[in-house]
Amino acid sequence: MSEDIAIKIQNLEKVFNPRSVAIVGASSEPAKVGYQILNNVVQNGYKGKIYPINRKATEILGLPCFPSLLEVPGDIDFAVIAVPAPLVEGVLKECVQKNVKGTVIITSGFSEIGKVKEEQVLKDIADKNNIALLGPNTFGFVYSPAKLNASFGPTEVLPGKIAFVSQSGALAISLMGWTMMEKIGLAAVVSLGNKVDIGEKELIEYFNDDPNVSVILIYMEGIKDGRKFMSTKIKKPVVILKSGSSQRGAQAAASHTGSLSGSDKIYSAVFNQLGMMRAKTFTQAFGAACTLSLPMPKGEDTLIITNGGGIGVSATDECEDFGIKLLEDPAWLEEKFRQTMPEFGSTKNPIDVTGGGGCESYRKAVRIALGEDKVKALVVLYCETAVTDPVQVAKAIVEEYIAAGRNKPLVVAMVGGERSRQAIQTFNESQIPAMTEVREAISGLKALYNWQEIVSRPKENVPVPAIPAKALEIIEAIRKEGRTFLLEHESRQVLEICGVPMPKWGFATTAEEAVKVAEAVQMYPIAMKIASVDIIHKSDVGGVILNIKNAEELKARFAQMMETVKRNAPKAELLGVNLCQMVDGLQCIVGMNKDPQFGPAVMFGLGGIFVEVLKDVSFRIVPFSETEAQRLVGEIKAKKLLDGYRGQGAHKESIIKTLMAIQKIAQHVKEVDINPLITNKDGSYAVDARIII
Ligand code: ACO
């Protein structure tokens, strides 16, 4: 990490745990933002020194005022700046004079309206003086452990362990209200604003070492500096709610392979690679964040307890969908759980205590489940009935969970009306994640299993792989020629040097040479393709012939191809032909192109309809390790085909080898397209290859 960023992260301590706070732009008028911020700082119970700064007033909210930061007698750790845009630079310079190391600039009217230069001036001042700067254009933040509400959002937040970082101020404000209603506790709510300085990376790394935070939840619209974000170190679970997709990236994508990158899939790849978990909705995100505060499961066997068959079935479906394994031991379940239900109840997982099963049935069943090592995680479902009281059910379960020492993950879904809503709050107040939807509860549990996998990943420092000298020489020679792409045989040469597995192949300028090349390596049956700088779509001009079986046919076909191509493309200079052994197997696609934000990204997927219709491809950002390449291959939806379906299977080692090899040229070329890479039980083969420089 650059030293500057490290100092900024260190100085975030002055922002979140300041000994003194100045509010520049504090006003006595309740309708003004400056008044609201000061009021929030005071009302939230912040214990440090508070300095309202206002040019005219002598006292606001009972606190003595100062006309400028420079007039404040003591030190100031942190300044909130809420003055009109033209005055912000001057105030920031006063911060420098006063040695203030943490600031939040509330003021709007910078890059969001095109005033990029004005915003850069603020960044330069902050950088030069190691000031951690949040904003501009933010509503501020709340940090519960310091009882500091430096925002003009709602006054109250329920304290908890989730740090919520939001690129949207409005969403953060509204979700603050929602979390209050749901009784979900927050350690911090941070509105990022234009994030000219402090962004996601800095906050994640600050909260990494903050014992008051156990989970980081980020609402993101886009990343400003992709490479900086890629260097983020993860120590705690990070849940990302990302909206929109990168239009800019999609436009920049040119080739067939590239047209799929630069998109939302790249963001997914980035999150995946960094070990961040992506949520689709804010309820799912908060559900996951709450669940991630629970103890880790000590195995996979999950038990469902329900009072309704329907939601039990639905939870079973969801578990299968998320790949959560249910405990299966009918005899054991019958022996343990029969006592918790009437005769007509079911002891098959889901344990169905039936509609009449109230507080005591749940209490018994939950107690047994928490007490038995065989049960590794517990899902409790409840459908509101007239004969049971959801709040009492919730209280009983909470008591059992606390008595058992919160010893394993427990997630809850309560489906019903007002009383069930209250029951959900009862759970949330006791830090047991409870939702209104079965899917949300199960997806929260899945997040916990995901996090367990993420922490088990080996800590790898992956260097950018070096390009072999000979490969670079070929690329540079072509660049010097003024050409922007490599011909097929040149692409093959470069990729082969880097370690991409090739079928038997060769290049020939005459029919006789073609026969010699083919016989030297016993290449038959052969695919023959025309080589010409002037021809892009070879098959359109008769420049592709497949399945040539012997020398005689090769000679004849060579002559035929030359004649046809000359007729169809009379101006093209024909350099010769590419010869390539015909290979059978599964068609895959491997590509590399440059994402505008994150740099070179490698793509893998199955070819044909899988890529064209289903867009079933995944990405990783260069550099990535072999384990990451394995994860990439295991991520595509059609992975069953790779594992071997109806006799066909893939040679994964050589696919991984290809993904590792292609990274070596990522920094030196614009695009690589291996389409198809054919894989069978014996190996993988780059049957067609193209490099654009
Ligand atoms: N030193 C001390 N006090 C000063 C200074 C200074 N250099 N300059 C101005 N002041 C005082 C003013 O006199 C005024 O106090 P008063 O009410 O006693 O006269 C106070 O500071 C505020 O200045 P105003 O000129 O009244 O500015 P106003 O409050 O109207 O607006 C603000 C300032 C709120 C920063 C505005 O420019 C702005 O940017 N608003 C948008 C904020 C925003 O929406 N941020 C993004 C939120 S995220 C979301 O979307 C939810």
Side-chain angles (χ1 to χ4, degrees), residues 8 15 21-41 51-57 60 67-70 76 78-98 100-129 131-142 149-154 165-174 176 189-200 202-203 219-225 243-244 248:
K8 291 277 173 98
V15 174
V21 175
I23 298 101
V24 189
S27 166
S28 345
E29 286 180 44
K32 288 200 178 176
V33 166
Y35 172 90
Q36 290 302 333
I37 296 171
L38 178 64
N39 189 46
N40 270 343
V41 174
Y51 301 114
I53 312 291
N54 182 297
R55 282 188 182 136
K56 299 161 292 190
I60 306 176
S68 96
L69 285 169
L70 303 178
I76 301 170
F78 166 57
V80 183
I81 302 176
V83 296
L87 306 177
V88 171
E89 184 188 339
V91 174
L92 193 59
K93 283 180 174 161
E94 285 183 7
C95 287
V96 173
Q97 276 181 276
K98 192 71 187 159
V100 178
K101 293 296 180 200
T103 58
V104 55
I105 299 176
I106 303 290
T107 314
S108 303
F110 290 94
S111 66
E112 82 281 8
I113 55 157
K115 297 207 169 175
V116 177
K117 268 195 213 144
E118 288 80 350
E119 190 167 281
Q120 187 57 39
V121 169
L122 307 180
K123 165 79 172 150
D124 292 343
I125 297 171
D127 282 352
K128 208 167 149 212
N129 300 283
I131 296 173
L133 188 163
L134 256 173
N137 189 31
T138 145
F139 87 84
F141 68 88
V142 183
N149 183 339
S151 82
F152 64 97
V165 175
S166 178
Q167 197 171 348
S168 155
L171 190 76
I173 290 178
S174 47
M176 274 167 81
V189 182
V190 185
S191 154
L192 280 172
N194 296 356
K195 46 179 177 178
V196 69
D197 183 34
I198 297 299
E200 293 84 355
E202 290 82 0
L203 288 170
Y219 168 76
M220 178 186 284
E221 276 159 15
I223 286 291
K224 268 189 147 177
D225 181 346
S243 63
R248 201 157 56 109

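Residue numbers run from 1 in the order of the sequence given.
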Checklist entry - Quick one: do the Q120 and D124 side chains pair a donor with an acceptor below 3.5 Å? => result yes
Considering only distance and modelled atom types, tabulate donor-acceptor pairs under 3.5 Å from the side chains of residues 83-95, sequence neighbours left out.
{"from": "E89", "atom 1": "OE2", "to": "K93", "atom 2": "NZ", "distance (Å)": "2.8"}

Checklist entry - Do any N or O atoms from the side chain of D197 and from the backbone of D127 form a donor-acceptor pair under 3.5 angstrom? => result no
Checklist entry - Which atoms form the tightest heavy-atom contact between S191 and L134, and what is the distance? => result O-CD2, 4.1 Å
Checklist outcome for this item: One should read off an interatomic distance between L69 CG and I81 CD1, to the nearest 0.5 angstrom, of 7.5 Å
Checklist entry - Listed by chain and number, what are the side chain to side chain contact (heavy atoms under 4.5 Å, CB included) partners of S28, not counting sequence neighbours? => result A57, I60
Item to check | For the student: nearest non-hydrogen atoms of S151 and V142, plus distance | outcome: OG-CG2, 4.2 Å
Item to check | Heavy-atom pair with the smallest gap, counting every atom of S27 and N54 | outcome: CA-ND2, 3.9 Å
Checklist entry - Looking at NZ of K8 and CG of L133, how far apart are the two atoms once the value is rounded to the nearest 0.5 Å? => result 7.0 Å
Item to check | Atom pair CE/NZ of M220 and K195 - distance to nearest 0.5 Å | outcome: 5.5 Å
Item to check | With K101 via side chain to side chain contact (heavy atoms under 4.5 Å, CB included) - residues at least two apart | outcome: N11, K14, N99
Next on the checklist: So, taking the atom named CG in N39 and the one named CG in N149, what distance separates them when rounded to the nearest 0.5 Å?
Outcome noted: 9.5 Å
Item to check | Contacts of type side chain to side chain contact (heavy atoms under 4.5 Å, CB included), residue K115, not counting sequence neighbours | outcome: I113, E118
Checklist outcome for this item: Across all chains, not counting sequence neighbours, the ring pair (Phe, Tyr, Trp, His ring centres under 6.0 Å) partners of F78 are F141
Item to check | Sidechain-backbone polar pair: K224 side chain, N194 backbone, donor-acceptor under 3.5 Å | outcome: yes
Checklist entry - Among all residues two or more places apart in sequence or in another chain, which pass the side chain to side chain contact (heavy atoms under 4.5 Å, CB included) test with V96? => result I125, N129, I131
Next on the checklist: Tell me the closest heavy-atom pair linking F139 and M176, and the distance in Å.
Outcome noted: CZ-SD, 3.8 Å
Next on the checklist: For A31, is there any backbone N or O sitting under 3.5 Å from a side-chain donor or acceptor partner on Q36?
Outcome noted: no
Next on the checklist: Minimum heavy-atom separation for K123 and V196, please, with both atom names.
Outcome noted: CD-O, 3.1 Å
Next on the checklist: Quick one, L203 and L192 - any side-chain contact, counting heavy atoms below 4.5 Å?
Outcome noted: yes
Next on the checklist: For the NZ atom of K117 and the OG atom of S111, what is their distance to the nearest 0.5 Å?
Outcome noted: 14.0 Å
Checklist entry - Can you tell me if E119 uses its side chain to pair, donor with acceptor, with the backbone of V116 under 3.5 Å? => result no
Next on the checklist: Quick check: closest heavy atoms across V104 and G140, and the distance to 0.1 Å?
Outcome noted: CG2-CA, 4.1 Å
